[in-house]
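Taking it in order: structure first as structure tokens, then the write-up.
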2 protein chains.
Amino acid sequence: MEKQTVTIYDVAREAAVSMATVSRVVNGNPNVKPATRKKVLAVIERLDYRPNAVARGLASKRSTTVGVIIPDVTNIYFASLARGIDDIAMMYKYNIILTNSDDAGEQEVNVLNTLMAKQVDGIIFMGNHIDDKLRAEFKRAKAPVVLAGTVDPEGDTPSVNIDYAAAVEEAVTNLIKRGHKKIALALGSLSQSINAEYRLTGYKRALNKAKLPYDDALVYEAGYSYDAGTKLQPVIADSGATAVFVGDDEMAAGIINASMESGINVPNDLEVVTSNDTIVTQITRPAITSITQPLYDIGAVAMRMLTKLMNDKELDEKTVTLPYGIVRRASTKSAD
Amino acid sequence: MEKQTVTIYDVAREAAVSMATVSRVVNGNPNVKPATRKKVLAVIERLDYRPNAVARGLASKRSTTVGVIIPDVTNIYFASLARGIDDIAMMYKYNIILTNSDDAGEQEVNVLNTLMAKQVDGIIFMGNHIDDKLRAEFKRAKAPVVLAGTVDPEGDTPSVNIDYAAAVEEAVTNLIKRGHKKIALALGSLSQSINAEYRLTGYKRALNKAKLPYDDALVYEAGYSYDAGTKLQPVIADSGATAVFVGDDEMAAGIINASMESGINVPNDLEVVTSNDTIVTQITRPAITSITQPLYDIGAVAMRMLTKLMNDKELDEKTVTLPYGIVRRASTKSAD
DNA sequence: ATACTAATTGAAATCGCTTTCATGAAAATA
DNA sequence: TATTTTCATGAAAGCGATTTCAATTAGTAT
């Protein structure tokens, strides 16, 4: 009792025209006499004909589908970018094949390959690190790739980001201005270039400018999770740091809650600044001062760039840097 | 300078076999002499041949792609389900076309149709409400549909859920046991059946059992967001309720924070219980007592059911009800 | 009317793969 | 050794569209 599918051929027959003509009206090709168009449209309506996108993809070599590689959908930061991506994609009539990579290099390469096999017209990649293997795959891919919220120090792949180094530098400088001498830096893995080459750089620049010594021991590599934050807190407390810049909001929440519970007051004993301005920063008590990023827009702009690339248009700029901000909340003392 | 694509035909020629044979080795068909297989594999390797999934899909009428309709990826609850879905999908070699519907009926129907046009082999639907139109589309679709974390009172569509009514009943009963007489119920729209027909039912059952009067005025329809919670809090405070059951974690967080800030102590003046046990429940202070749901598993099980359906197998049970729990945290006083 | 250009159509080739069916070769049975 | 079966393989017909190119019609200017 398989449901019967109506094909372009059925429409052509019923409307007494050729498949070519049906194809034209379906695709809005103007070279069709209005009367013919009307007739075909009527048959399409009557037969409830829906073009088969797969057949169309094979014939036209365009799938109107783009691949999106994301470390983990349940990560609000990346999910927010994904939302921006999908909205713009939908606006341009593209669909999204979404796959989680867990930030694992091997998995990323795999996923990239299955996406290419599915003939996606383009790819948006999100991740915390890009290694040579991945870069090689990007080059090899015949579909354009755009990075969203993802840095590649090599910079040959188009990307959309904020200036992480500058943002961290500014945030840390604010802390320094308020008199802090020992400022901890709580990040994810330093093997990820966003940490090693951007956040750490911004941190060091701020110290340098203020002629404060850089101390390795104040830089922590932990996971990007609430639990990682709670576990890291005692270590930070022992270090004697009076402020901490954190690379992830949930981790910051963990640090704050663990601090308060062990009698360390935030912000009086420890000021905390975080990176992503997700809803988490508003939920904690105290709420968390944070770098603000136009998350949705990072995704949206990346997708816009990709549509250009997919239509063989030139990009105005290969590396788009969106503005960031800093919003002060209760986890830091009032400025100056 | 278009990159040249290697087709099955090229491989066949180079290996001096027919396309059929190449197809067989690519698909792991056992009817190929080992020597031949080896030879073909070598050519595939040398030419770096990758089967075109679109062509394959057209020929075989299976796209190894499933559509996933989600209200909003940035909603942790649904994103968690999506993660479970994707992991299992990947395990079975399926890819996910993910689209946001914003819970809007019209958009849901649209999306469903473009998914069908893309020839997805199956669909997983998540949403807060299913109306007749949508149900009709499900029937019309020739691909199987499974609901994840989504109730349909009509119950003809296979689905995976927890027993929301029972969970709410238990949670509210716990509150009643601790002496509460006026318990507020903060939900999303009552036009959504999960609220109107399940949560509200569970709430009423608990009251009934305890012979407490049901009062319309204690049931609130708000949005599922942090801000909705902060806005709703003063209203709840005015109602004289001493406890509240909330349908969404972020909303619960808003209620808690607003309460504490206006001098209403949680749990002493107001006990709060929420529904989804997302990370938010651990981040707030006090942390929130919550119904626990196996979010990841709901998605995973739904995807497993879908794979069966896609392979024309019978389902053991059409409606799967996974176990829920209740985890006590600081937003309620210690039981009994 | 006549010739010429522009606007509409249709025929047929493709897109890259799967799959059925026929066939020759090799293995098993008599 | 003759006869069946079983294995491996290839030829070719789709799958359901797009797209090129030629043919036909309609329009417009002599």
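A note on names: the letters A, B, ... follow the listed sequences, proteins ahead of strands, and every chain is numbered from 1.
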Would you kindly give the [atom1]-to-[atom2] distance between [X] and [N], to the nearest whole Å?
X: Arg13(A); N: dT9(C); atom1: CZ; atom2: C1'; value: 19 Å
X: Ile8(A); N: dA11(C); atom1: CD1; atom2: P; value: 14 Å
X: Asn31(B); N: dT19(C); atom1: CG; atom2: P; value: 13 Å
X: Lys118(A); N: dC17(C); atom1: NZ; atom2: P; value: 15 Å
X: Asn29(A); N: dT19(D); atom1: CG; atom2: C1'; value: 10 Å
X: Leu47(B); N: dG16(C); atom1: CG; atom2: P; value: 14 Å

Lys/Arg-Asp/Glu bridge criterion (N-O < 4.0 Å) met for Arg83(B), Asp86(B): no

Handout entry: Short N-O contact, Asp316(A) and Lys308(A), less than 4.0 angstrom
Key =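 Counted as a salt bridge, because a side-chain N and a carboxylate O are separated by less than 4.0 Å.
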
Taking only side-chain N and O atoms of [X], does any of them lie within less than 4.0 angstrom of OP1 or OP2 on [N]?
X: Ser23(A); N: dT18(D); answer: yes
X: Thr36(A); N: dT9(C); answer: yes
X: Asn27(B); N: dT18(C); answer: yes
X: Arg56(B); N: dG16(C); answer: no
X: Ser60(B); N: dT18(C); answer: no
X: Lys61(A); N: dG16(C); answer: yes
X: Tyr49(A); N: dA17(D); answer: yes
X: Ser18(A); N: dT9(C); answer: no

Mind checking [X] for me? I need base, sugar-phosphate or nothing, with any heavy atom below 4.0 Å counting as a touch.
X: Val17(A); value: sugar-phosphate
X: Val54(B); value: nothing
X: Asn52(A); value: sugar-phosphate
X: Ala117(B); value: nothing
X: Ala35(A); value: nothing

Closest heavy-atom pair, Met305(B) versus Glu317(B), reported as atoms and distance to 0.1 Å, is CE-O, 3.7 Å

Taken to the nearest 0.5 Å, the spacing of Thr150(A) OG1 from His129(A) NE2 works out to 12.0 Å

Hey, would you say the Tyr224(B) and Tyr77(B) ring centroids sit under 6.0 Å apart?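 No, ring centres 6.0 Å or more apart.
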
Result for 5'-nearest mapping on DNA chain D, choosing between Lys33(A) and Ala20(A), is Ala20(A)

Taking dC17(C), dG16(C), dT20(C) as options, the one with an atom nearest any side-chain atom of Arg24(B) is dT20(C)

Identify which nucleotide among dC17(C), dG10(C), dA17(D) has an atom closest to any side-chain atom of Ala59(B), counting heavy atoms from C-beta outward.
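Of the candidates, dC17(C) comes closest.
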
Q. What do you reckon, is CD of Glu154(A) surrounded by more than 12 foreign heavy atoms closer than 6.0 Å?
A. yes

